[in-house]
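Here the structure comes first, spelled out in structure tokens, and everything after it is commentary.
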Amino acid sequence: MIMSRSEAPPPEGTAVTGNLHDRPHDRLQDGLPDRPLDRLQDRLLAGLPAEAVLTDPDVTASYANDMASFCEAGVPAVVVLPRTVEQVQHVMRTATELRVPVVPQGARTGLSGGANAADDCIVLSLTKMDRILEINPVDRIAVVEPGVINATLSRAVNEHGLYYPPDPSSWEMCTIGGNIGTASGGLCCVKYGVTAEYVLGLDVVLADGRLMSTGRRTAKGVAGYDLTRLFVGSEGSLGIVVRAILALRPQPPQQLVLAAEFASASAACDAVCRIMEGGHVPSLLELMDRTTVKAVNDLAHMGLPESTEALLLAAFDTPDPAADLAAVGALCEAAGATQVVPADDAAESELLLQARRLSLTALEAVKGTTMIDDVCVPRSKLGEFLDGVAKIADDVDLTIGVVAHAGDGNTHPTVCFDANDEDESRRARESFDQIMALGLDLGGTITGEHGVGLLKKEWLARELGPVSLEMQRGIKQVFDPLGILNPGKVF
């Protein structure tokens with residue numbers, strides 16, 4: 001992880017300038033010169049319990065960044081841990097009054113720098129707002145606060161025979177609020193879609209402290225503009241989500257998994273195309289390239305064949321998953337699979353999935369530092385993309401492993417490098433940018449589920465184009481005219 005104190009100016013339109021400790025003020029309190037930091041703390045403590053306001057520099061520094069590499073992080077003035085909507089409103093009113101930037105945070109498992117602190121900001125950590133307020137099996141909804149852990153919600157609704165599909169890899173740690181902020185996905189997206197498909201309504205505290213409700217509790221609704229979707233994926237730049245109404249599904253049958261080995265990545269990608277063209281709807285369709293398979297073998301000694309150039313994992317949670325696996329296995333063989341291994345039960349399925357779950361940990365062990373990209377391309381271009389990434393790896397002389405949610409074209413090229421080696425770090429950043437350029441050239445997008453944050457700001461402008469960028473900046477101005485919400489992120 002590479003971090004440094006940010007020296008970038010605030011975004012255009014913000015009234016937040018300079019350093020909180022150094023800004024001139026002409027107000028006096030009790031005959032003493034006004035100290036901005038003290039004034040901020042006093043204002044916050046007027047509406048928050050003392051334990052919710054953290055000012056110890058050693059403690060606040062631990063909230064400075066998420067898990068992204070190559071993203072600068074500033075030094076927060078204070079960390080606030082509210083437990084109620086009213087407390088969040090108080091924080092935003094205070095921030096607006098004093099023109100102090102606010103950086104919303106969840107569990108900080110993000111990979112784009114979207115939760116990184118700005119200098120002298122209020123870090124607004126929502127992890128203490130962690131209640132599941134309602135689970136309604138008839139309406140098939142859950143109402144939750146933003147700090148609820150994804151896995152906690154999933155297990156809770158399972159007890160009612162229901163299912164909350166979005167399952168990011170960090171689901172045991174990440175929060176629903178963070179998932180909403182980045183419109184996160186997971187392994188099940190090929191069948192069930194990303195977080196955005198499951199957010200029906202939101203309660204949002206705006207920059208000036210007003211509370212706004214969007215969306216609905218009903219199965220259908222088209223009243224007005226879809227502001228709910230606008231907030232999903234906005235990375236805390238438009239408002240603070242304090243409550244979410246989430247759609248649920250009936251709990252599906254236990255899935256069964258198939259593993260297919262291929263002598264080339266292009267053959268594995270051909271199998272993906274055949275599966276999707278054939279009308280199959282797997283609950284999971286994941287791909288690991290040769291580099292990733294080797295890294296997993298080196299780490300866990302799983303005994304995967306060294307000749308494997310690509311490993312494809314397919315799963316079905318249908319009433320007859322064995323029949324679906326047989327049909328997909330035949331398509332894999334037609335595409336050139338050297339071996340197809342279907343699981344007989346849930347235990348075998350779990351064993352087959354272990355390799356995929358170990359992928360990122362194994363790649364991190366290669367050099368000690370990884371930079372994880374998040375490029376999504378059309379499924380029909382997946383083979384070209386993997387070939388292009390392999391060429392980039394050769395050109396920059398670095399190890400780059402690719403794991404992919406192959407069923408929806410969302411790839412995670414993972415650059416392995418030594419963060420203490422300046423030249424390797426430079427080449428890692430260059431390869432990262434080349435991979436994004438490759439994705440755009442193939443008709444893809446720079447991010448499928450991790451968000452823009454700090455890491456991909458420059459690339460967002462290239463993908464959107466000038467007209468779309470102008471419109472999006474206009475939306476930001478409407479919701480956050482002072483530019484205090486997560487400044488410097490996204491745009």
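Numbering starts at 1 and runs along the sequence shown. What you see below is based on every heavy atom in this structure, not just the backbone, and it leaves out hydrogens, waters and symmetry mates.
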Search all heavy atoms of Y164 against all heavy atoms of V157 and return the closest pair with its distance. N-CG2, 3.8 Å
More than 12 heavy atoms of other residues, nucleotides or ligands under 6.0 Å from CD of E458: yes or no? no
Donor-acceptor contact present, side-chain Q255 to main-chain A315, <3.5 Å: no
Quick one, D480 and L238 - any side-chain contact, counting heavy atoms below 4.5 Å? no
In Å, rounded to the nearest 0.5 Å, how long is the span from OG of S307 to CZ of R290? 11.5 Å
Where the side chain of R216 meets the backbone of G201, is there a donor-acceptor pair that is under 3.5 Å apart? no
Side chains of V199 and I180: closer than 4.5 Å at any heavy-atom pair? yes
Please confirm whether the backbone N or O of T175 pairs with a side-chain atom of N179, one donor and one acceptor, at under 3.5 Å? yes
Using a 4.5 Å cut-off on heavy atoms from C-beta on, say whether the side chain of V375 contacts that of M436. yes
Criterion side-chain contact (heavy atoms from CB on, under 4.5 Å) on M129 and L126, from CA distance to verdict: CA-CA 6 Å; M129 297 180 69; L126 299 160; 3.9 Å; yes
Check step by step if side-chain contact (heavy atoms from CB on, under 4.5 Å) holds for L187 and H405. CA-CA 6 Å; L187 303 186; H405 309 308; 3.5 Å; yes
Looking at side-chain heavy atoms only, is the closest gap between D433 and I435 below 4.5 Å? no
Hey, does the side chain of R229 reach the backbone of A196 with a donor-acceptor pair shorter than 3.5 angstrom? yes
Does the side chain of D167 come under 3.5 Å of the side chain of N150 through a donor N or O and an acceptor N or O? no
Heavy-atom nearest pair, F316 first then H280, reads CZ-CB, 4.1 Å
Pairing donors with acceptors under 3.5 angstrom, does anything connect the side chains of Y198 and R249? yes
Would a 4.5 Å heavy-atom cut-off, applied to side chains only, mark F417 and R427 as touching? no
Got a sec: does the NZ of K191 have more than 12 other heavy atoms crowding it under 6.0 Å? yes
Look at R426 together with E430 and state whether they make a salt bridge at an N to O cut-off of under 4.0 Å. yes
Could you walk me through whether E384 and K381 pass the salt bridge (charged side-chain N to carboxylate O under 4.0 Å, His left out) test, one step at a time? CA-CA 5 Å; E384 291 180 57; K381 300 292 185 179; 3.6 Å; yes
Spacing of T228 atom OG1 and L200 atom CG [to the nearest 0.5 Å]: 8.0 Å
Is it true that a side-chain atom of K457 and a backbone atom of K489 form a donor plus acceptor pair closer than 3.5 Å? no
Do Y225 and F231 have their ring centres less than 6.0 Å from each other? no
Correct closest heavy-atom pair for F432 and K456 would be CZ-CE, 3.7 Å
Electrostatic pair K391:D387 at N-O distance under 4.0 angstrom: no
I'd like to know whether T411 forms a side-chain contact (heavy atoms from CB on, under 4.5 Å) with L382, so could you lay out the CA-CA distance, the side-chain angles of the two residues, the decisive distance to 0.1 Å, and finally the verdict. CA-CA 9 Å; T411 71; L382 193 57; 3.6 Å; yes
Modelled atom types, side-chain donor and acceptor of S264 and E309, under 3.5 Å: no
Between D120 and V75, does a side-chain contact (heavy atoms from CB on, under 4.5 Å) hold up when you go through it step by step? CA-CA 6 Å; D120 296 322; V75 179; 5.9 Å; no
State the NZ-CG distance between K294 and L363, to the nearest 0.5 angstrom. 11.0 Å
What do the steps show when you test T195 against S184 for side-chain hydrogen bond (donor to acceptor under 3.5 Å, both in side chains), and what is the final call? CA-CA 6 Å; T195 296; S184 62; 3.3 Å; yes
Minimum side-chain heavy-atom gap T291-I400 below 4.5 Å: no
Distance col, row L258:CG vs L312:CG, nearest 0.5 angstrom, shows 8.0 Å
Main-chain N/O of H412 paired to D373 side chain as donor or acceptor, under 3.5 Å: no
Evaluate whether atom CZ of R356 has more than 12 neighbouring non-hydrogen atoms of other residues, nucleotides or ligands under 6.0 angstrom away. yes
Short question: side chain of N297, backbone of G303 - any donor-acceptor pair under 3.5 Å? yes
Counting distance only, does the side-chain N/O of E235 pair as donor-acceptor with the main-chain N or O of G181 below 3.5 Å? no
Do L353 and L284 have side chains that get closer than 4.5 Å, going by heavy atoms? yes
Within 45 degrees of the axis of the six-membered ring of W171 and under 6.0 Å from its centre: does R357 put its NZ or CZ there? no
Within this structure, what is the CG-OG1 distance for the pair D320 and T318, rounded to the nearest 0.5 Å? 6.5 Å
Looking only at non-hydrogen atoms, find the nearest pair between L485 and G236 and report the distance. CB-O, 3.7 Å
Do we see a donor-acceptor contact under 3.5 Å between the side chains of N486 and S237? no
Within a radius of less than 6.0 Å around CD of Q354, do more than 12 heavy atoms belonging to other residues, nucleotides or ligands occur? yes
Checking side-chain polar atoms at under 3.5 Å, does E463 have a donor or acceptor matched by the opposite partner on T445? yes
What's the shortest heavy-atom distance between D119 and P101, and which atoms? O-CG, 4.2 Å
Taking every non-hydrogen atom, the tightest pair across G488 and L454: O-CD2, 3.4 Å
Side-chain heavy-atom pair N410, E449 within 4.5 angstrom cut-off: yes
Pairwise distance NE2(H450) to CG(D374) - rounded to 0.5 angstrom: 4.5 Å
Pair Y192 + Y163: ring centers closer than 6.0 Å: yes
Backbone N/O of L304 and side chain of T308: donor-acceptor pair under 3.5 Å: no
May I ask you to decide if A314's main-chain N or O and E286's side chain share a donor-acceptor pair within less than 3.5 Å? no
